[in-house]
Structure formats: C-alpha cells, structure tokens
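See below for the structure under consideration.
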Amino acid sequence: MRLQDEPDVPAQINIVPMIDVIFAILTFFIMSTLFLNRSEGLPVNLPKAATAKAQSSAAPITVTVDSAGDLSLNRQPVTLETLPVKVQELMGKNTEVVVIINADQSATHGQVVMVMDRVRQVKGAKLAIATQTP
C-alpha cells in the first residue's frame with residue numbers, strides 16, 4: 001500500500017509573535033520615559049515633610065516671610081524690590097548659594113511666590129523652603 005505523498009509546504013517564519021513582543025517592549029519604554037520626565041520647576045521642599053533633607057551650603061541665606069507679609073533677609077528687614085540686590089550682596093563672590101525661604105504657615109501663597117520669583121532673578125541662587133518634621 002502506497003501512502004499519498006504530502007505536498008511539500010515551504011518553511012515559513014511566523015513574525016506575528018515577534019511583532020507583539022516588539023510592541024510590548026516599545027510600550028514599556030514609552031511609559032517608563034513618561035515617568036522619568038520631571039518638570040524643571042523650583043527645587044523646593046514641602047512644609048512638614050517627613051523626608052526633608054538638609055541643604056548643604058556653607059552659609060545659607062534665609063528669607064523670612066511672616067504672617068503679615070513682611071520680609072526679612074537674615075533677620076534684617078527688607079522690601080520685595082530690594083531683595084535681589086541684597087541677596088546678590090550677601091552672595092559676594094560665591095557662584096552658588098542656597099536661599100532658604102522661611103515662610104509662616106499663614107503667609108499668603110502669592111507673597112511666597114513673589115519672593116521666590118525675586119530670588120530666582122539672582123544668578124546662582126538655589127531655592128529651598130524651610131520645613132518642619134511632623
């Protein structure tokens with residue numbers, strides 16, 4: 001008895017699973033890079049943060065905003081208009097200095113943002129907000 005010869009089926013490479021794997025890897029990299037992008041905003045620490053870190057600086061400059069909205073620079077009264085000039089004077093020949101904003105909890109958000117904006121006008125000034133541990 002003679003069996004029928006099966007027709008020779010040419011060998012094929014199925015690339016559909018490979019395409020699925022490539023799309024899965026591509027999706028993974030796209031999603032992971034979306035989470036790696038950081039907004040380049042102000043480098044500040046949030047108030048009452050349990051993970052707050054101390055800023056390493058030889059002589060930090062402290063700007064205090066009290067509950068009435070009055071400003072002081074290293075415990076000396078200052079106005080919002082003269083703040084950048086005074087910070088620049090305190091920096092001296094330092095190219096970088098940490099300016100710590102010590103804002104009262106009842107100070108308005110707008111006042112603190114105006115202070116941050118004025119300090120950011122000084123080249124080499126890095127901002128930090130003073131926090132308390134809970």
Side-chain angles (χ1 to χ4, degrees):
M1 171 171 200
R2 186 170 171 175
L3 296 174
Q4 275 187 340
D5 288 337
E6 294 183 15
D8 289 338
V9 177
Q12 296 179 357
I13 298 176
N14 192 358
I15 62 169
V16 174
M18 185 175 66
I19 292 173
D20 290 342
V21 169
I22 289 173
F23 279 126
I25 292 171
L26 181 64
T27 304
F28 170 76
F29 282 117
I30 289 173
M31 294 302 289
S32 63
T33 56
L34 289 176
F35 290 110
L36 292 177
N37 288 342
R38 294 185 185 187
S39 61
E40 295 298 326
L42 299 174
V44 296
N45 298 320
L46 297 175
K48 294 184 183 176
T51 60
K53 295 188 244 178
Q55 299 292 325
S56 60
S57 177
I61 298 171
T62 304
V63 178
T64 304
V65 182
D66 63 6
S67 60
D70 297 327
L71 301 176
S72 61
L73 182 65
N74 286 349
R75 298 184 183 214
Q76 300 297 322
V78 68
T79 63
L80 189 62
E81 291 75 27
T82 60
L83 183 63
V85 175
K86 298 284 187 179
V87 170
Q88 188 68 43
E89 289 174 5
L90 288 174
M91 282 180 64
K93 295 184 180 188
N94 292 342
T95 58
E96 283 190 10
V97 69
V98 175
V99 178
I100 300 171
I101 298 177
N102 190 10
D104 191 317
Q105 193 170 16
S106 60
T108 64
H109 176 71
Q111 181 72 23
V112 175
V113 169
M114 285 190 290
V115 169
M116 294 169 85
D117 186 46
R118 294 296 172 118
V119 172
R120 282 185 53 97
Q121 292 175 0
V122 179
K123 187 174 183 178
K126 292 187 175 187
L127 289 175
I129 293 182
T131 61
Q132 292 179 346
T133 55

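Bear in mind that the values here come from a model prediction, so they are computed numbers and not experimental data.
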Side chain to side chain contact (heavy atoms under 4.5 Å, CB included) between L127 and V119, intermediate numbers included: CA-CA 8 Å; L127 289 175; V119 172; 3.3 Å; yes
What is the distance from atom [atom1] of [X] to atom [atom2] of [Y], rounded to the nearest 0.5 Å?
| X | Y | atom1 | atom2 | result |
| --- | --- | --- | --- | --- |
| M91 | K123 | CE | NZ | 10.0 Å |
| D117 | L83 | CG | CG | 10.5 Å |
| Q88 | Q121 | CD | CD | 11.5 Å |

Taking ILVMFWY side chains as joined if any heavy atoms are under 4.5 angstrom apart, and letting links pass through other members, which residues group with F28?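 Besides F28, the hydrophobic cluster comprises V21, I25, F29, listed by chain and residue number.
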Within the structure provided, determine whether [X] and [Y] are in side-chain contact (heavy-atom separation under 4.5 Å).
| X | Y | result |
| --- | --- | --- |
| V98 | I61 | no |
| V99 | K126 | no |
| V87 | L73 | yes |
| V65 | N102 | no |
| I129 | M116 | yes |

I'd like to know if L26 and I15 are part of one continuous hydrophobic network [Ile/Leu/Val/Met/Phe/Trp/Tyr, side-chain heavy atoms within less than 4.5 Å]. yes
Let me check something: do I13 and I19 share a hydrophobic cluster, defined by ILVMFWY side-chain heavy atoms less than 4.5 Å apart, either directly or through other members?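 Same cluster.
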So, the side chain of D104 versus the backbone of A107: is there a donor-acceptor pair under 3.5 Å, distance only?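 Such a contact is absent between D104 side chain and A107 backbone.
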Correct closest heavy-atom pair for R118 and P84 would be O-CG, 3.6 Å
Which donor-acceptor pairs under 3.5 Å do side chains of residues 74-81 form with protein atoms, sequence neighbours excluded?
{"from": "N74", "atom 1": "OD1", "to": "T62", "atom 2": "N", "distance (Å)": "2.9"}
{"from": "T79", "atom 1": "OG1", "to": "T82", "atom 2": "N", "distance (Å)": "3.4"}
{"from": "T79", "atom 1": "OG1", "to": "T82", "atom 2": "OG1", "distance (Å)": "2.9"}

